[in-house]
Undergrad: 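Take a look at this one; I'll ask things after.
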Amino acid sequence: MLRTVTTLRDPLIRPLGKRTSDALESAFGLRTAGDLLRHYPRRYYTRGELTSLASLREGDHVTVLARVARAAIVPMRGPDWRQPRGQPHRPQERAEVIVTDGTATVKLTFFAKAPYHIRQLQPGRLGLFAGTVSAFRGQRQLVHPEYELLPGTAADDRITAELAAEYATELIPVYPASSRVSSWQISKAVQVVLDTLDAGEDPLPEEVRRRHGLWPRETAIRAIHRPQERADLGPARTRLKWDEAFAMQAALAQRRLAAAAMPAVPRPPSPDGIAAEFDRRLPFTLTEGQRSVGEVIARDLSCAYPMNRLLQGEVGSGKTVVAVRAMLQVVDAGGQAALLAPTEVLAQQHYRSITQLLGPLALAGQLGGAAHGTRVALLTGSTGKAARRTALSDAFTGDAGILIGTHALLEDRVRFADLGLVVIDEQHRFGVEQRDALRDKAAGSRPHMLVMTATPIPRTVAMTVFGDLEVSTLAELPAGRSAITTHVVPAVERPRYLERAWERVREEVAAGRQAYVVCPRIGDLAGDDGDDADDGDDAGAGQLFGAGADRGAPDGDALADFTARRPPLAVLDVAPVLAEGPLSGLRLGIMHGRLPPEEKDRVMTAFAAGEIDVLVATTVIEVGVDVPNATAMVIMDAERFGVSQLHQLRGRVGRGQAAGICLLVTDAPEGSPSRERLDAVAATSDGFRLSRLDLMQRREGDVLGAAQAGRQSSLKMLRLLSDEDLIAFAREEASALVEADPQLTAHPALRQAIDELLGPQRAEFLDKA
Ligand code: ADP
Ligand code: MG
């Protein structure tokens, strides 16, 4: 027989035939041999070591290694509840097979071909069984499981010495399977491909492999699918992680180089412009961090290639001022700046505070305006017709030096005379497409770009998700800030604590300060699922691990232990209860995403002016809202929020001189995962630590999310948090290699690996640098 060679790029149909390759494609999207070989085993069973059946959970799709204990045909009696009415052929009998791990058992039920299954599943036989765990009359069962009996397992435990020796070390890979394609079907397909595989040239140059003691790629691929012993798995995994890390970092290095090759208009600082005047007018002194980051940015903006900088800093560290100073430098140099905010509330707040800080400098051409001032325009989805027309025209003519807004800024009709700087606030609410859309509004050359985030990003995530950005960090908070104390208030166990919480709020108000009460839901609307921070203006896509991911997808197990019991508390229900009960006599306001924009603006302005004592709100106030006189926050049903989101929320208090307090009210019982997360938030005010915790509970795919479309599917092996060192090494090696050979002319295998990693998005990814 003619044996052809299979390469990683070959479509699976060649070695496997149409049926199998179609099944693999529709179940897992696997198209090429390389795709299949990157479908790594989830775990390995050692023969003789049975799966612990007691640990199976209802609803799980499982593949277990177990031994048949007994099997019997059971006649059907009476109407079978399983059969839909009117079904013509009711089965007369079913097969019931009990499998065991020696301790626990699971029942296998077959309604069809019962005698056949009984013949196959002889007591004592060892097999792999796959299906979805269900429960029937208290017993866990698999209905119509797929199964594969292992060869050479005798009808009882007396396996011959010879066989025992043969199988003692053999590891059985268990693949992520689906209800249509079983683990062993995948295993067989892998074997067919491995039999004829020629993996080709190694994308990792030999000296890199040598420096880091890495296996050749083909050895690693073979070992991960067919390990001789467990000790093979470590080096195989490390090598395959390197493949992902190295290709990704090489692509990012190419992207950085390409970006640096783009022309941009230099916008150097001028000694007597608006920026200098602004600095003189500042009511406070800049922190050391603000000053030094400011210098770096000032230098970036003076360059003839575009700045691509990520500014991260704790909640309240004063990123806005840094951005404003950068924007003014650009305005002084004759350009314009756009500031994109994720919510209407935040855009309005930026507009208010920036015009206020600028004073007469923001009133160019108006009575009382400074002679050399500029204009600041606001554009959101709800800006009125006349104001919109003015804003659009001021942006187009260049009369507005600064345009602040929400997604409305991205619309086609928004044109700039000379867009020199794009600032994106709370970038985790935006996707790359949105960044790019705004940036594309600069005619001719690239604008400089500054993206800001208060959700601190661990080093490796920054290196990966934002590997094309330079990162600056504001570590310190402005002087005079007092710390926020956070307490968990177990409302059920300690009702007295909750009463005390409301007393605390009254005390703060009595002392002339203000408070927030945050609820997960707006209320009063069918189908209101709590996902209501969406402002209409709210970014849906591309959250990193802040709001969207926190709110949208439930936090898997972390929330599952608790949330289902009653609907989450809602603003519209809680506010009247507070007004008549524990907070009676105080001036309460309401804030949520469904309010009309003018109303939002009115409420926030009133709250900022101290005309409202307590603001009962949804997470619309999560990002950016800055009212220094607000010192207390009570978060209801706190377990419904993600860790990073709670940290963001509490960042709204403690922004002034007085100490902030945040109370996390929850019904989650002590010791539950939900409660542990809340305790963690209460125990530390370090956003970096919390974001790690948050990340640990998510899969990498969610982390990368839409922020870098196309890559979430490509990380199979790499774990951004636990593989920190490996990623750092890979970045170093890949950057050096790309700098020496930007087009990778001498490294076709690496070029190929990058193509595979980025898939069809590759061109876009590199062009959009
Ligand atoms: P964030 O980094 O969370 O976006 P902001 O930019 O909203 O923080 O700043 C928080 C508050 O701190 C604002 O009221 C701002 O005016 C104030 N602030 C910024 N820098 C300083 C500083 N150097 N000294 C005192 N207050 C400052
Ligand atoms: Mg901010």
Side-chain angles (χ1 to χ4, degrees), residues 278-295 297 309-328 339-359 404 406 423-430 450-457 471-484 513-514 539 544 546-547 604-605 607-610 619-631 633 644-658 660 685-688 690-691:
F278 174 82
D279 281 355
R280 277 193 290 279
R281 291 177 47 95
L282 262 185
F284 43 72
T285 27
L286 296 173
T287 64
E288 195 41 51
Q290 285 171 323
R291 197 192 324 279
S292 63
V293 170
E295 274 166 25
I297 292 175
R309 187 166 292 278
L310 171 72
L311 174 57
Q312 58 172 339
E314 265 293 0
V315 193
S317 57
K319 294 180 289 293
T320 316
V321 168
V322 174
V324 173
R325 295 178 74 229
M327 293 194 283
L328 294 176
L339 170 57
L340 179 64
T343 65
E344 179 125 23
V345 169
L346 188 51
Q348 287 168 348
Q349 175 188 283
H350 278 323
Y351 179 74
R352 276 194 306 268
S353 67
I354 290 173
T355 46
Q356 197 202 341
L357 279 171
L358 285 171
I404 298 171
T406 54
V423 179
I424 302 197
D425 195 16
E426 305 295 344
Q427 65 72 35
H428 63 285
R429 297 291 198 94
F430 295 99
L450 178 66
V451 302
M452 306 197 287
T453 180
T455 304
I457 298 162
V471 179
S472 298
T473 304
L474 286 183
E476 59 192 318
L477 296 183
R481 286 291 167 76
S482 27
I484 305 166
R513 291 187 286 266
Q514 292 161 282
L544 180 60
M604 283 317 296
T605 308
F607 188 64
T619 52
V620 279
I621 55 125
E622 172 188 347
V623 287
V625 168
D626 183 39
V627 177
N629 193 46
T631 48
M633 174 174 283
S644 292
Q645 196 175 15
L646 290 168
H647 184 63
Q648 284 278 325
L649 277 169
R650 74 175 160 186
R652 302 308 116 218
V653 295
R655 297 176 85 85
Q657 302 290 325
S685 57
D686 181 340
F688 277 87
L690 291 172
S691 82

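First listed ligand is number 1; within each ligand, the first listed atom is number 1. This one's a predicted model, so the numbers in the text were calculated from it and none came from an experiment.
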Undergrad: Which one of Ser353, Gly316, Ala323 has a non-hydrogen atom at the shortest distance from atom 3 (O) of ligand 1?
TA: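 Going through Ser353, Gly316, Ala323 one by one, Gly316 has the nearest heavy atom to atom 3 (O) of ligand 1.
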
Undergrad: Holding to side chain to side chain contact (heavy atoms under 4.5 Å, CB included), I want the full list of residues that pass it with Val653, two or more places apart in sequence or in another chain.
TA: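 Expected list: Ile484, Tyr516, Met633.
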
Undergrad: Within the structure provided, determine whether Ile354 and Leu339 are in side-chain contact (heavy-atom separation under 4.5 Å).
TA: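 Counting from C-beta outward, Ile354 and Leu339 do come under 4.5 Å.
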
Undergrad: Just so I know, are the side chains of Leu358 and Leu328 near enough to count as touching, which here means a heavy-atom distance under 4.5 Å?
TA: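 Of all side-chain heavy-atom pairs linking Leu328 with Leu358, at least one is under 4.5 Å.
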
Undergrad: Is the shortest heavy-atom distance from the side chain of Leu450 to the side chain of Leu311 under 4.5 Å?
TA: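 The answer is yes; the side chains approach within 4.5 Å.
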
Undergrad: Record the part of Asp425 in heavy-atom contact with ligand 1 below 4.0 Å; permitted values are side chain, backbone, both and neither.
TA: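 For Asp425, there is no contact with ligand 1 at all, from either part.
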
Undergrad: side-chain hydrogen bond (donor to acceptor under 3.5 Å, both in side chains) with Thr605: which residues, sequence neighbours excluded?
TA: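 Checked Thr605 against side-chain hydrogen bond (donor to acceptor under 3.5 Å, both in side chains); matches are Arg352.
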
Undergrad: Does ligand 1 have a heavy atom under 4.0 Å from the side chain of Leu286, from its backbone, from both, or from neither?
TA: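 Contact part for Leu286 vs ligand 1: backbone (N, CA, C, O).
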
Undergrad: Given Gly651, Gly289, Gly318, Pro283, identify the one with the heavy atom nearest to atom 8 (O) of ligand 1.
TA: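 Selected option, by shortest heavy-atom distance: Gly318.
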
Undergrad: Check Met452 against ligand 1 and report side chain, backbone, both or neither, counting heavy atoms closer than 4.0 Å.
TA: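 Looking at Met452 and ligand 1, no heavy atom falls under 4.0 Å.
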
Undergrad: Roughly how far, to the nearest 0.5 Å, is CD of Glu288 from CG of Leu474?
TA: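 Between Leu474 CG and Glu288 CD, I get 11.0 Å after rounding to 0.5 Å.
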
Undergrad: Quick check on contacts: which atoms of ligand 1 are under 4.0 angstrom from a heavy atom of Thr320?
TA: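 Going through ligand 1 atom by atom, the ones under 4.0 Å from Thr320 are 4 (O), 5 (P), 6 (O), 7 (O).
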
Undergrad: Examine Pro628 against ligand 1 and note whether any of their N/O atoms are separated by less than 3.5 Å.
TA: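 No.
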
Undergrad: Val324 pairs by side-chain contact (heavy atoms from CB on, under 4.5 Å) with which of Val321, Val322, Thr320?
TA: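 Testing each of Val321, Val322, Thr320 against Val324, the sole residue satisfying side-chain contact (heavy atoms from CB on, under 4.5 Å) is Thr320.
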
Undergrad: Give the atom numbers and elements of ligand 1 that come within less than 4.0 Å of a heavy atom of Thr287.
TA: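 Result: 23 (N).
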
Undergrad: Give the atom numbers and elements of ligand 1 that come within less than 4.0 Å of a heavy atom of Thr285.
TA: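 So the answer, numbered in order with elements, is 22 (C), 23 (N), 24 (N).
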
Undergrad: Could you say whether the N/O atoms of Pro478 and ligand 1 ever approach to under 3.5 Å?
TA: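 Checking ligand 1 against Pro478, no N or O pair falls under 3.5 Å apart.
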
Undergrad: Under 4.5 Å between any side-chain heavy atoms of Pro478 and Thr285, yes or no?
TA: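 No - every pair of side-chain heavy atoms lies 4.5 Å or more apart.
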
Undergrad: Look at ligand 1 and say whether Gly313 reaches it with a heavy atom at a distance under 4.0 Å.
TA: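 Gly313: no contact with ligand 1 (<4.0 Å).
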
